[in-house]
Amino acid sequence: MEIMTFNIDEDRRNLVDDKQNFNIDFHDSKYNWLQARQYEESMRQVEVHVVHGNGSPVDLTGVNPVFEGWLPEGLYRIIDAKHSVMIDAQNGIFRFDFPAPAFQIAGSYKQAFFRLMKDGMSVTTLEFSLDVMADKVISGLVPSDYMTPFEDLYLKLKDYIVKSNGDFDTAMTQWKKDVANLITGLNDDIGGINLTITEIKTQLASLEDKIKADGLATVADLTNMLNPIIDRLDKLEAKEKSSDLLTDVGGGIRDIFTSQISNMKARINPDLVNIGMINDVHYTDRDSFWGPDNDAETGITHLLNIGEVSEKLDFAVSVGDNIDDNNKDNHFSIKRIEDYGMTWFTALECPSAVLLGNHDDNSSHAKSSGATGNDYLVPDSKFIQAYRQNVNLFGEKRNGNSNYFYYDIPNKKVRVVGINDYENPNTLDSDGNLKYPRINTSVITGAQLKWLATDALNVSADTHVIVMLHCPIDGTLKDNPTEHCYNHDVLKQLLEAFKNGTSGTLTSSTTDFPVNVDYSFANKGTLIGVFAGHTHTEEYRVINGINYVQNLNSVGCAGNAEDRILYFDTKDEDSWSVIGIDTANKKVKLTKFGRGTDLDFTY
């Protein structure tokens with residue numbers, strides 16, 4: 001067995017001359033090397049020793065070694081987290097048994113190294129030279145990418161279907177969550193990747209439709225439908241992620257919440273349609289207005305609280321201000337957004353979605369930073385990925401990859417409409433400052449209003465509609481801290497037209513974001529209410545027959561800078577709601593977790 005030694009402190013190589021034609025020069029004798037022949041499997045092993053600069057062993061306790069390779073010809077990749085065996089962790093020694101897919105193509109690997117993963121972090125060894133000699137005698141291995149995370153995931157689906165005793169919806173829901181977690185742990189920065197998550201959604205929908213129509217799924221069905229997904233997903237490269245997310249995030253569920261969680265579960269009426277709503281978590285990574293001594297970090301653990309009751313929910317929405325924007329470097333904000341999306345979709349055991357808030361894109365640091373103002377912003381592409389806007393995990397409908405959506409709760413005649421009232425373009429004014437910063441400006445575009453009029457609010461007469469958004473519609477609550485609200489008046493008119501069953505044309509009162517939308521509602525719509533966050537207060541008003549509800553903030557403080565009240569490390573630190581809907585009697589029971597007062601009303 002070949003022995004390889006890597007010094008993670010002192011090993012060094014020169015940068016490649018041409019990144020487009022990536023080629024490492026292995027002529028220096030310091031490089032480790034390995035030779036194998038095509039079609040070898042398992043018996044080709046290496047013993048790997050990892051040492052520090054002084055020669056002392058690196059403690060590999062708790063480490064998962066991953067082999068990452070770019071095969072000869074530069075077409076396929078190997079990401080193998082499955083075939084390593086720890087021999088002596090404290091002395092930095094493990095064995096790797098190469099699988100057959102590693103030796104598919106004759107030639108020299110473009111790149112081959114080990115990534116050492118622990119608790120979502122990693123360090124890599126230097127590359128080693130890996131040559132695969134041709135085998136002209138036998139054949140049969142078809143070249144392809146090989147990625148153990150998805151190979152395992154593919155097998156999971158078959159297992160889920162077997163164990164679900166024919167309940168395909170249950171099996172598919174669990175597997176979709178697994179896919180979402182995998183996608184978050186991947187990146188698409190490899191040139192030439194054509195994968196779109198929309199294609200995954202299409203394949204899953206086709207499989208689901210077929211199984212529902214035929215009443216059963218065969219292994220052949222699964223193989224035929226999922227192979228194209230595997231073929232495309234395999235072109236992604238693995239990225240660091242925690243394998244123990246729910247126990248690692250913020251230390252997991254904290255003792256101060258355990259009795260409340262049990263109590264909340266008991267208070268949720270299973271005979272109602274139950275929708276979870278959490279907003280203004282303001283997850284941050286450093287001291288901010290929202291809490292002393294980094295206590296605001298605890299906000300992300302509040303997702304675990306709602307996750308504990310989510311099996312009793314029909315749907316859940318995180319309604320904006322998911323993170324805080326107290327960083328002058330958007331890389332911190334991007335990391336927090338990724339953490340948030342991963343935690344949300346992993347913790348919850350029900351269909352769910354995430355909306356934008358005014359703090360999510362870091363615009364408070366970009367609004368007056370001159371011509372480079374946009375450099376501080378989190379690009380919308382990051383929200384699309386982290387908030388799964390291009391996946392539609394649970395069958396929600398969007399306008400392309402939009403943050404806004406609607407979701408029909410199966411067999412309940414309830415549609416949840418999520419509105420994005422932060423469609424702000426990243427436009428700079430004549431002085432080079434951000435013209436429409438989300439931090440104090442809310443924008444709803446004509447495109448979204450048209451979608452609402454013709455699609456989202458186009459429902460059958462017996463469908464009940466609930467609307468959720470971050471910033472309350474301007475003029476519907478006593479105190480809206482947002483300085484500029486574009487087209488809020490048009491949205492309010494549209495909802496009133498839906499409720500009253502009228503027709504007409506809507507136009508905007510502003511030239512910045514023009515609107516010209518025709519609407520026609522043949523019947524009076526059943527509008528449950530409009531639910532918002534943003535102000536960190538709770539309020540309830542009825543205007544023109546529509547219920548407007550303001551939900552308290554999840555982050556553990558209230559009030560302004562001068563007289564704010566801190567609830568950290570108390571039972572009132574967290575606050576979110578379960579909206580229980582009685583469609584037969586047109587009643588709502590709003591049940592609060594933590595701070596806040598329960599609310600009952602009719603619609």
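For clarity, every value in this text was computed on a predicted model and none was experimentally measured. Heavy atoms only: backbone and side chains are in, while hydrogens, waters and symmetry mates are out.
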_Within the 3.5 Å criterion, strictly below it, is a donor on Gln389 or Asn401 matched to an acceptor on the partner's side chain?_
no
*Return the minimal non-hydrogen interatomic distance between Asp360 and Ile323, and the atom names on each side.*
OD1-N, 3.1 Å
*Charged N to carboxylate O under 4.0 angstrom, Asp489 versus Lys492?*
no
*Before accepting this row, confirm whether a basic side-chain N of the pair Lys592/Asp598 lies closer than 4.0 Å to the acidic partner's carboxylate O.*
no
*Please say whether the positively charged group of Arg415, taken as NZ for Lys or CZ for Arg, lies over the ring of Tyr406, i.e. under 6.0 angstrom from the six-membered ring centre and within 45 degrees of the axis.*
yes
*Ion pair Lys586/Asp582, N-O distance below 4.0 Å*: no
_Can you tell me if Asn411 has over 12 outside heavy atoms packed within less than 6.0 Å of its CG?_
no
*Does the side chain of Arg595 reach to within under 4.5 Å of the side chain of Tyr567, using non-hydrogen atoms?*
yes
_Salt bridge flag under 4.0 Å for residues Arg398 and Glu396_ = yes
*Compare all side-chain heavy atoms of Glu308 with those of Ile261 and state whether any distance is below 4.5 angstrom.*
yes
*Could you grab the distance from atom CD1 of Ile439 to atom CG of Leu434, nearest 0.5 Å is fine?*
11.0 Å
*Side chains of Gln550 and Thr535: do they bring a donor and an acceptor to under 3.5 Å?*
yes
*On the 0 to 90° scale, with breaks at 30° and 60°, tag the Phe383-Tyr387 ring pair as parallel, tilted or perpendicular.*
tilted
*Can you measure from NE2 (His470) to NE2 (His359) and round to the nearest 0.5 angstrom?*
7.0 Å
*Once you round to the nearest 0.5 Å, how far does CD of Gln260 lie from CG of Asp572?*
7.0 Å
*How are the rings of Phe531 and Phe601 set relative to one another: parallel (under 30°), tilted (30 to 60°) or perpendicular (over 60°)?*
tilted
*Below 4.0 angstrom, N of the basic side chain to O of the carboxylate: do Asp380 and Arg438 qualify?*
yes
*So do the side chains of Leu428 and Lys435 get within less than 4.5 Å of each other, counting heavy atoms only?*
no
*Gap separating the OG atom of Ser577 from the CG atom of Asn274, nearest 0.5 angstrom*: 12.0 Å
